[in-house]
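Counting convention: from 1, in listed order, for ligands and their atoms alike. Below, each value reflects all heavy atoms present in this structure, side chains not excepted, and no hydrogens, waters or symmetry copies.
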Amino acid sequence: MIEEENNPIKSVGSVVGAQAGTDEATVFENKLRPKDFDSYIGQGEVKQNLSVFVRAARKRSETLDHTIFYGPPGLGKTTLSMILASEMGTELRITSGPALEKPGDLASILSNLKEGDFLFIDEIHRLRMPVEEILYTAMEDFAIDLVIGKGPSARTMRINVPRFTLVGATTLMSRLSNPLRDRFGHVEKLRYYEPDEIQSIIVRSAEILDIAIDEGAAKLLAKSARATPRIANRLLRRMRDFAEILHEGVITEKVVREGLASLSVDKNGLDFADQEYLRTICEKFSGGPVGLSTISAAIGEDEHTIEDMIEPFLIREGFLTRTPRGRQVTDRGFQHLGLASADDQLRLV
Ligand code: ADE
């Protein structure tokens with residue numbers, strides 16, 4: 001159980017909606033988040049730019065321009081938003097596109113902000129259009145137009161909202177409409193991390209969690225973390241469990257090797273869901289091309305989860321390609337699973 005005062009969510013002010021964060025994984029994730037640019041490892045260029053923009057806004061006593069972060073999940077979009085709010089000396093309120101069902105949901109959050117607050121909308125590409133339209137005037141004029149009543153007697157009422165900074169986060173930048181995209185002053189792409197950066201993050205997190213880890217073990221774990229801090233920290237917590245219960249309380253290379261095998265994480269960091277996804281395309285659809293909805297039905301996984309959580313890393317590793325006719329496993333993907341591709345099979349005949 002994490003003590004209340006250690007919960008960093010408090011230090012960033014009120015949190016609304018989907019990421020209120022009381023489950024164990026979220027509480028730990030928050031505990032391990034760096035609180036300032038200096039302790040944030042990686043994303044050098046983004047960090048450098050943001051710290052200039054923050055200093056410039058503060059010097060002019062202005063709010064920071066609306067900012068959008070895009071890239072695969074777990075790379076630090078929420079963490080950087082928390083750091084931005086903290087560096088600007090204001091509070092961050094968190095919600096997500098799917099949580100905002102009606103224009104009124106967003107209108108009520110906006111009108112309850114304080115001057116200079118940050119509003120973080122995760123999965124902003126999943127905002128419904130009537131909700132998104134409220135954002136346009138809010139972002140540009142710090143006002144919202146509410147329709148009161150129905151039918152011929154309906155009228156529009158304009159309400160001012162405090163000046164705020166919107167931070168949008170998306171895994172799929174191409175899904176954002178042009179009017180929304182054009183309203184962001186800063187557009188920052190987050191990249192996958194280098195192995196040495198992930199290793200440093202693991203060492204930093206191990207210190208915070210008060211668990212000893214060998215250098216070789218940190219390096220090995222880093223290789224299986226899919227270049228993603230969130231996965232690195234999740235694996236580290238599981239290795240801590242294995243080390244404390246099954247071993248002598250130190251994370252060694254042996255602990256990592258055995259621990260990863262127990263979790264069905266392979267040497268490239270693919271977990272059970274990734275392996276099942278690749279294997280299904282290879283075995284049931286001859287390696288593809290096959291459409292997303294068909295794969296979704298075959299493995300019983302939501303399309304958003306496949307697109308956001310599973311595919312980006314497989315594409316980056318060269319195991320998968322997206323073609324106009326659907327998803328296709330590459331030769332490298334087949335080799336990784338120890339399977340023969342359709343081309344290989346033809347060659348063998
Ligand atoms: N924990 C999660 N992400 C991190 C990062 N980028 N730097 C340091 N610690 C982290």
Side-chain angles (χ1 to χ4, degrees), residues 2 6-12 15 19 21-54 67-88 92 94 118 120 122-123 167 169-171 186 188-215 217-241 251 256 265 269 271 308-309 312-313 316:
I2 297 287
N6 287 343
N7 184 349
I9 224 80
K10 275 177 86 181
S11 65
V12 295
V15 173
Q19 298 202 19
T22 49
D23 63 289
E24 196 221 2
T26 313
V27 169
F28 266 110
E29 195 173 357
N30 287 331
K31 183 175 167 142
L32 299 179
R33 282 184 206 284
K35 308 284 180 300
D36 50 39
F37 286 128
D38 286 343
S39 46
Y40 191 100
I41 297 160
Q43 308 293 346
E45 219 169 277
V46 172
K47 228 168 49 170
Q48 223 167 13
N49 285 342
L50 291 176
S51 88
V52 171
F53 302 147
V54 164
T67 302
I68 187 145
F69 291 120
Y70 71 103
L75 297 190
K77 296 187 275 294
T78 312
T79 304
L80 282 170
S81 309
M82 289 178 173
I83 293 175
L84 282 181
S86 151
E87 300 267 337
M88 288 296 293
L92 178 79
I94 299 180
F118 278 60
F120 179 81
D122 201 10
E123 297 185 83
V167 183
T170 180
T171 48
H186 307 303
E188 301 290 348
K189 175 177 177 162
L190 299 194
R191 294 170 198 285
Y192 282 111
Y193 289 63
E194 297 301 326
D196 62 327
E197 292 170 341
I198 293 289
Q199 189 179 336
S200 302
I201 290 172
I202 290 172
V203 169
R204 173 185 178 274
S205 299
E207 260 173 47
I208 297 172
L209 295 177
D210 201 18
I211 178 81
I213 183 165
D214 290 355
E215 191 183 333
K219 195 171 191 148
L220 191 60
L221 197 56
K223 275 199 203 139
S224 300
R226 291 201 260 161
T228 305
R230 182 183 294 155
I231 296 176
N233 284 338
R234 196 171 64 210
L235 289 176
L236 175 67
R237 292 203 323 271
R238 295 295 74 85
M239 296 308 126
R240 181 174 73 152
D241 295 341
I251 304 177
V256 172
V265 173
D271 62 15
D308 287 2
M309 318 283 280
F313 187 70
R316 174 190 131 113

Next on the checklist: Tell me whether the rings of Tyr40 and Tyr193 are parallel (<30°), tilted (30 to 60°) or perpendicular (>60°).
Outcome noted: tilted
Provide the number and element of each atom of ligand 1 under 4.0 Å from a heavy atom of [X].
X	value
Asn233	1 (N), 2 (C)
Leu32	1 (N)
Tyr40	6 (N), 7 (N)
Ser39	7 (N), 8 (C)
Tyr193	6 (N)

Checklist entry - Side chain, backbone, both or neither: which part of Ser200 has a heavy atom under 4.0 Å from ligand 1? => result neither
Under 4.5 Å between any side-chain heavy atoms of [X] and [Y], yes or no?
X	Y	answer
Glu188	Phe53	yes
Pro72	Phe313	no
Asn233	Leu209	no
Ile213	Leu236	yes
Ile202	Gln199	no

Item to check | Separation between NZ of Lys77 and OG1 of Thr170, rounded to the nearest 0.5 Å | outcome: 7.5 Å
Checklist entry - So how far is it from Ile83 CD1 to Leu50 CG, rounded to the nearest 0.5 Å? => result 9.5 Å
Of all the heavy atoms in [X], does at least one lie under 4.0 Å from an atom in ligand 1?
X	answer
Arg204	yes
Pro34	yes
Thr79	no

Next on the checklist: Return the closest protein heavy atom for atom 7 (N) of ligand 1 as residue, atom name and distance.
Outcome noted: Ile41 N, 2.8 Å
Checklist entry - Quick one: nearest non-hydrogen protein atom to atom 3 (N) of ligand 1, plus distance? => result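 Looking only at protein heavy atoms, the one closest to atom 3 (N) of ligand 1 is Pro229 CB, 3.4 Å.
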